[in-house]
Amino acid sequence: MYFAVALDGNHEPLLLAIGLGTLECEGSWRWFMMKLKECLGEDTEVGFISNLCDKIDFTVQSVYPDSYHGYCPKDIARKIRDSVGHNDTEVETLFWKSCNAYSVHDFYMCLERLQSAWRLSGGVTPYVENKVQKRVNKSYNWMSRRLYEDIFEVDGNFATSKVQLERRVCSCGKWQKSGIPCGHVIASLRTPTSEAIHEMVDYKFTAFVYRLAFGSELVNSIPSHVHWEIPNEMAVLLHP
């Protein structure tokens with residue numbers, strides 16, 4: 001089901017259109033947006049606020065290429081919680097303060113504080129986040145038993161491994177080698193007294209370290225290939 005909602009003069013929600021579709025895909029969104037454009041007219045100036053959906057992004061760019069398109073603050077706040085951790089409310093609080101700022105000066109003041117808090121926040125890089133999520137899915141049905149304090153025994157699909165959380169050791173060896181919790185560790189962390197999975201990730205994989213490293217002038221990033229300078233005379237170098 002697709003909705004288009006606007007705000008009236010009293011800042012109250014006003015339902016514009018409802019669409020029904022069998023599949024939420026780019027084609028369905030394009031059909032809905034085209035019907036909406038027919039109702040509003042070609043010359044109507046509109047702006048869009050949507051959730052963080054790539055399908056909607058592509059549709060708005062193609063159907064309304066000159067319109068303003070932003071994102072819902074609630075979805076951005078949810079992304080912030082997923083990035084910095086549900087227990088860290090400082091970044092999210094500063095984000096909402098910047099959304100509710102009534103002057104340009106207050107907005108940039110909140111934005112500066114938000115950037116400082118974000119740099120000091122926890123969270124891991126997107127690569128590690130995807131890696132952890134895959135291991136969470138893989139170990140969903142694994143059974144863990146507490147042997148002694150922080151020592152667990154986990155029955156995987158093909159073998160049984162032992163995990164010691166305090167020493168950050170798993171008998172499978174993946175946790176020690178990669179610095180990212182393996183499926184056995186994640187299965188052990190499902191107990192009520194366990195710590196968050198992100199706290200078990202090696203510090204070098206945190207978003208703070210990533211920003212600190214690649215924000216330095218010592219790292220020369222490679223620009224897009226469209227900006228590469230290709231010499232007119234090419235020399236072929238053969239291996240020894």
Chemist: Could you state whether Leu20 and Leu15 fall into the same hydrophobic cluster, counting links through intermediate Ile, Leu, Val, Met, Phe, Trp or Tyr residues with side-chain heavy atoms under 4.5 angstrom apart?
Modeler: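 Leu20 clusters together with Leu15.
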
Chemist: From Tyr108 OH over to Ser98 OG, what is the distance, rounded to the nearest 0.5 angstrom?
Modeler: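 Reported to 0.5 Å precision, the distance equals 11.5 Å.
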
Chemist: With a cut-off of 6.0 Å (strictly less than), are more than 12 heavy atoms of other residues, nucleotides or ligands near NZ of Lys35?
Modeler: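 For Lys35, atom NZ is not crowded (no more than 12 foreign heavy atoms under 6.0 Å).
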
Chemist: Nearest 0.5 Å please: distance from the SG atom of Cys72 over to the NZ atom of Lys74.
Modeler: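 If we round to the nearest 0.5 Å, Cys72:SG and Lys74:NZ are 6.5 Å apart.
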
Chemist: Tell me every residue that passes side chain to side chain contact (heavy atoms under 4.5 Å, CB included) with Asn130, counting only those two or more places apart in sequence or in another chain.
Modeler: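 Listed in chain order: nothing, the list is empty.
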
Chemist: Taking the side chain as everything from C-beta on, heavy atoms only, tell me whether Trp175 gets closer than 4.5 Å to His184.
Modeler: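 Contact flag for Trp175/His184 side chains = no.
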
Chemist: From Cys170 SG over to Met200 CE, what is the distance, rounded to the nearest 0.5 angstrom?
Modeler: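 Cys170 SG to Met200 CE: 13.0 Å, rounded to 0.5 Å.
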
Chemist: How long is the straight-line distance from CG of Asp75 back to OG of Ser50, given to the nearest 0.5 Å?
Modeler: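 Nearest 0.5 Å value for the OG-CG distance: 8.0 Å.
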
Chemist: Ser139: what forms a side chain to side chain contact (heavy atoms under 4.5 Å, CB included) with it, not counting sequence neighbours?
Modeler: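 Applying side chain to side chain contact (heavy atoms under 4.5 Å, CB included) to Ser139 gives Trp142, Ile186, Arg190.
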
Chemist: Distance-only, no hydrogens or angles: does the Asn10 side chain make a donor-acceptor pair with backbone N or O of Glu12 under 3.5 Å?
Modeler: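 Not at all, since once roles are kept as given, no pair shorter than 3.5 Å links the two residues.
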
Chemist: For Met34, which fellow cluster members are found when Ile, Leu, Val, Met, Phe, Trp and Tyr are connected by side-chain heavy-atom distances below 4.5 angstrom, either directly or through intermediates?
Modeler: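 Members besides Met34, by chain and number: Tyr2, Trp29, Trp31, Phe32, Met33, Leu36, Leu40, Val46, Phe48, Ile56, Val60, Val63, Tyr64.
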
Chemist: Applying side chain to side chain contact (heavy atoms under 4.5 Å, CB included), name anything that partners Ile180, two or more places apart in sequence or on another chain.
Modeler: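 Per chain and number, Ile180 pairs via side chain to side chain contact (heavy atoms under 4.5 Å, CB included) with Tyr127, Val128, Lys131, Val132, Arg135, Ser178, Phe205.
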
Chemist: Does a donor on one side chain sit under 3.5 Å from an acceptor on the other, for Asn137 and Gln133?
Modeler: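 Distance-only check passes for Asn137 and Gln133.
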
Chemist: Is the side chain of Asp106 donor-acceptor paired with the backbone N or O of Tyr102 at a distance under 3.5 Å, no angle test?
Modeler: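 Side chain of Asp106 to backbone of Tyr102, a donor-acceptor pair under 3.5 Å: no, none is there.
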
Chemist: Drop me the distance from Lys37's NZ to Glu42's CD, to the nearest 0.5 angstrom.
Modeler: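 That separation rounds to 4.5 Å.
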
Chemist: Count I, L, V, M, F, W, Y as connected when their side-chain heavy atoms are under 4.5 Å apart, and connections chain through other members. Are Leu52 and Phe95 then in the same cluster?
Modeler: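 Linked within one cluster.
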
Chemist: Quick one: does any side-chain atom of Ser171 pair with a main-chain N or O of Lys162 as donor and acceptor, under 3.5 Å?
Modeler: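 The answer is yes, because a donor-acceptor pair under 3.5 Å joins these two groups.
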
Chemist: Give the table of side-chain donor-acceptor pairs shorter than 3.5 Å for residues 147-156, with sequence neighbours excluded, one pair per line with atom names and distance.
Modeler:
residue	atom	partner	partner atom	Å
Asp150	OD2	Glu166	N	2.8
Glu153	OE1	Arg145	NH2	2.4
Asp155	OD1	Thr160	OG1	2.9
Asp155	OD2	Arg145	NH1	2.8

Chemist: Members other than Leu14 in its cluster, when Ile, Leu, Val, Met, Phe, Trp, Tyr link by side-chain heavy atoms under 4.5 Å?
Modeler: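 Direct or chained contacts put Leu14 with Leu16.
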
Chemist: What distance do Lys138 atom NZ and Cys182 atom SG have between them, rounded to the nearest 0.5 Å?
Modeler: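 Reported to 0.5 Å precision, the distance equals 9.5 Å.
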
